[in-house]
Amino acid sequence: MHSRKNKDGYFTNDDILKQADEAMDILQEDYSGMEHIFIYDNAPSHLKQKYEKIKIPMTNATLSNGHPQPLYFGPASTVYLEEWIAVVGGFFTQPDFANAPTLLETHCAAHGFKVIFLLKFHYELNPIEQCWRYAKWLYRLFLESSHENMLEKNALEALDAIPLSSMC
């Protein structure tokens, strides 16, 4: 149980989909015939979308500040980064991108399950964030330690101590 990228505690979208598969299997086996809705926060690993690669013939472009911008990024190309990010970033606010279902939504819907995403950055309206907040508060009450086994023990105790009432 380690944090940060490339550690065993870091959840990717593939991990989230596997976890959803396990939960769906349990619910289908033990609670079939009922409607099930999964609720997730807005973590990037939950919101990943499918992007299809298509080939588009590229010509050079002109950015809003008048700079020419080659659309081939070979070794000799110069990229005006701020302008290019603004152009590309604008695509993701367009309805075709913004309203595209996530991989998690598509995956769960294929098995008859619904997915709801909670509001962004609103811990007061997000029970998941409330649980994390409570666990972090408890964790900080433990004596400081630099021993990994104690850190893990303290983290698990803090998570186990979250009252069920804070999850509703």
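Below, each value reflects all heavy atoms present in this structure, side chains not excepted, and no hydrogens, waters or symmetry copies. Since we're looking at a predicted model, the values are computed, not measured.
Under the rule for a side-chain contact (heavy atoms from CB on, under 4.5 Å), the partners of Leu141 that lie at least two apart in sequence or sit in another chain are Trp137, Leu138. Applying the side-chain contact (heavy atoms from CB on, under 4.5 Å) criterion to Thr106, with sequence neighbours excluded, gives Pro101. Partners of Phe113 under the ring-ring contact (aromatic ring centres under 6.0 Å, His included) rule, at least two apart in sequence or in another chain, are His36, Phe38. Lys18 pairs by the side-chain contact (heavy atoms from CB on, under 4.5 Å) definition with nothing, not counting sequence neighbours. With sequence neighbours excluded, no residue forms a salt bridge (Lys or Arg N to Asp or Glu O under 4.0 Å) with Lys136. Residues passing the side-chain hydrogen bond (donor to acceptor under 3.5 Å, both in side chains) test with Asp41 are His46, sequence neighbours excluded.
For residues 19-32, the set of pairs meeting the side-chain hydrogen bond (donor to acceptor under 3.5 Å, both in side chains) definition, not counting sequence neighbours, comprises Asp21-His107. Every pair tested for salt bridge (charged side-chain N to carboxylate O under 4.0 Å, His left out) that includes a residue from residues 99-108 fails, sequence neighbours excluded, so the list is empty.
Leu151 is not listed as a side-chain neighbour of His147, based on a closest heavy-atom distance of 4.5 Å or more. Looking only at side-chain heavy atoms (C-beta outward), Cys108 and Met24 come within less than 4.5 Å of each other. Glu157 places a side-chain heavy atom less than 4.5 Å from the side chain of Phe142. Considering only heavy atoms from C-beta on, Leu103 comes within 4.5 Å of Asn13 through its side chain. Side-chain atoms of Leu159 and Trp132, non-hydrogen and from C-beta on, do get closer than 4.5 Å to each other.
Put simply, Leu104 and Leu47 are part of the same group of oily side chains (I, L, V, M, F, W, Y) that touch within less than 4.5 Å, one to the next. Both Leu27 and Ile16 are part of a single hydrophobic cluster, where members link through side-chain heavy atoms under 4.5 Å apart. Under the 4.5 Å side-chain heavy-atom criterion for ILVMFWY residues, a single connected hydrophobic cluster contains both Ile39 and Ile162. Ile26 is not connected to Tyr40 by any chain of hydrophobic side-chain contacts under 4.5 Å among Ile, Leu, Val, Met, Phe, Trp and Tyr, and they are in different clusters.
Scanning both residues, Pro163 and Tyr134, for their nearest heavy atoms gives CD-CE2, 3.3 Å.
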